[in-house]
There are 2 protein chains.
Amino acid sequence: MVDDDTRWLTRDETHAWIALVSLTVHLPHALDTQLQRDAGLSLTEYQVLSWLSMATRRTRRMRDLAARADVSLSHLSRIVARLEARGWVRRHPEPTDGRTTLATLTDDGWDKVVATAPGHAAEVRRRVFDGLTPAQVAALTDVARHVTDACGVTLPPIDGDPDDPDAT
Amino acid sequence: MVDDDTRWLTRDETHAWIALVSLTVHLPHALDTQLQRDAGLSLTEYQVLSWLSMATRRTRRMRDLAARADVSLSHLSRIVARLEARGWVRRHPEPTDGRTTLATLTDDGWDKVVATAPGHAAEVRRRVFDGLTPAQVAALTDVARHVTDACGVTLPPIDGDPDDPDAT
DNA sequence: CGCCATCACTTCCCGTGTCAAGTAATGTGG
DNA sequence: CCACATTACTTGACACGGGAAGTGATGGCG
């Protein structure tokens, strides 16, 4: 009745799997709670502000920003609408292509990131990196990249547009 | 202006962090997509059915099931209501304590799990374990447990109620 | 025995995210 | 130079999940 050609998980893999599922639920929740409490931001909102703050001229195309922050374009559209209403981001059309929208971090948005980052970093440290050895950090990096690759994810570069002549 | 006592993430930790965030977004999404397509189930719904199928007498208290499946009790209440409407789970009160509700997997529910499990296992294998060495699996387990512990998660035992005299 | 705190769930309200349809600006082939 | 497909984003309808409040059942204590 059962297809026993199925390659089931081994015992060790099952344990890893259970732990990993738990992580994917509780870690984002813990970070979200801290950000909401201390900064009135959701994790995804913070990620978007954070990636913008790292971009050349604090500006990115919506499309690239969505890929970088791991959200769909429609989702990003809503997030940025919220952030714009709070004065932290401004949207304006790309001059050379009227279809493309650029999102830029305002000065207030920059200040918000600067004010929020230390608490967020401390939370990430507390929940993830405190108590991990460098070897474990390296293993985590390899495994996480392996998994995201296997999920077919392709990310744009971390820095600003490579063809932007004003790039540092 | 900036509190430079902040213990920022190192370069390696930042890379690990970026990869880990990506994982927490894309891995659940990939698994959800496969289950939805092949079985008409969300990942959380499948997890609930799966944990029930492993429990002694296919029965668990709602409370324990919620903790085990990493969902809130209110969330579980809705999930089980959906599964009950589809005939895969039945709820009934615990005889010795009228407050407690027991959830039991029906025969149809069991068949559903049996039919769904191989495809799900294959997806987990493809997205996570294929290409990982045993050492990486072990490291993943350690890190994931470390993180969930740091998020203050406590899980009930995997088997059925320890004080159930009928337990195997 | 009776009152109140507690526990175990359920339900309500709300924000968020997703999929699909809509809109506007570009390329492209005749 | 004019349809038509394509790209890039926005919006609308809907489902899911979280937290607070509600409901019913227990336990503890005077």
Side-chain angles (χ1 to χ4, degrees), chain A residues 21 24-37 40-48 59-86 89-104 156 161, chain B residues 24-26 28-37 40-48 59-86 89-104 151 153 156 161:
Chain A
V21 168
T24 63
V25 172
H26 295 291
L27 179 58
H29 185 256
L31 294 160
D32 222 276
T33 301
Q34 181 271 327
L35 282 168
Q36 201 67 55
R37 172 167 46 80
L41 286 171
S42 72
L43 179 55
T44 51
E45 285 168 343
Y46 176 75
Q47 305 258 25
V48 167
T59 297
R60 288 217 131 195
R61 290 184 284 174
M62 292 288 281
R63 231 181 141 317
D64 294 343
L65 189 53
R68 200 57 265 184
D70 298 311
V71 296
S72 68
L73 196 48
S74 77
H75 188 185
L76 179 66
S77 184
R78 281 173 217 283
I79 294 168
V80 169
R82 291 199 293 269
L83 295 175
E84 200 171 27
R86 300 226 249 164
V89 171
R90 208 180 47 243
R91 274 183 286 194
H92 46 99
E94 160 103 11
T96 68
D97 183 343
R99 292 171 298 184
T100 298
T101 301
L102 298 173
T104 300
D161 305 312
Chain B
T24 63
V25 172
H26 295 291
H29 184 259
L31 294 161
D32 220 275
T33 301
Q34 181 270 326
L35 282 169
Q36 201 68 56
R37 172 170 44 80
L41 287 171
S42 71
L43 178 55
T44 53
E45 284 168 343
Y46 176 76
Q47 304 259 23
V48 167
T59 297
R60 288 219 131 194
R61 289 184 284 173
M62 293 287 281
R63 232 182 142 308
D64 294 343
L65 189 54
R68 200 60 266 185
D70 298 313
V71 297
S72 68
L73 197 48
S74 78
H75 188 186
L76 179 66
S77 185
R78 266 188 286 266
I79 294 168
V80 169
R82 291 200 292 270
L83 296 175
E84 201 171 25
R86 300 226 248 165
V89 172
R90 207 180 48 242
R91 274 183 287 194
H92 45 98
E94 160 103 9
T96 68
D97 183 344
R99 292 170 299 184
T100 298
T101 301
L102 298 173
T104 300
C151 289
V153 179
D161 307 312

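Within every chain, numbering begins at 1; the chains are lettered A, B, ... in the order of the sequence lines, protein sequences first and strands thereafter.
- Atom P of nucleotide D:dC9 and atom CD of A:Glu84 are separated by 14 Å, given to the nearest angstrom.
- One can place CG of A:Asp70 at 16 Å from C1' of C:dT18, the figure rounded to the nearest angstrom.
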Exercise. List the steps and the verdict of salt bridge (Lys or Arg N to Asp or Glu O under 4.0 Å) for A:Arg90 and A:Glu84.
Key: CA-CA 6 Å; A:Arg90 208 180 47 243; A:Glu84 200 171 27; over 6 Å; no

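- The residue among A:His29 and B:Gly98 whose nearest nucleotide of DNA chain D lies closer to the 5′ end is A:His29.
- Mapping A:Val71 and A:Pro95 onto DNA chain C via the closest heavy atom, the residue that lands nearer the 5' end is A:Val71.
- Between A:Gln47 and A:Arg68 there is no side-chain heavy-atom pair separated by less than 4.5 Å.
- Between the CG atom of A:Leu83 and the P atom of D:dT10 there is a distance of 13 Å, rounded to whole Å.
- In this model, no donor atom of one side chain and acceptor atom of the other lie less than 3.5 Å apart for A:Thr101 and A:His92.
- Rounded to a whole Å, the CD atom of A:Glu94 is 9 Å from the P atom of D:dC9.
- Within the 4.5 Å cutoff, the side chain of B:Leu35 has no heavy atoms near those of the B:Ser42 side chain.
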Quiz prompt | Under 4.0 Å protein heavy-atom contact, by nucleotide of nucleotides 5-16 of chain C - B base, S sugar-phosphate only | solution = --BSBBBB---S

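- For the pair B:Leu83/B:Val48, a side-chain contact is recorded, criterion being any heavy-atom separation below 4.5 Å from C-beta on.
- Contact of the A:Gln36 side chain with the A:Leu41 side chain is not registered, since no non-hydrogen atoms from C-beta on lie closer than 4.5 Å.
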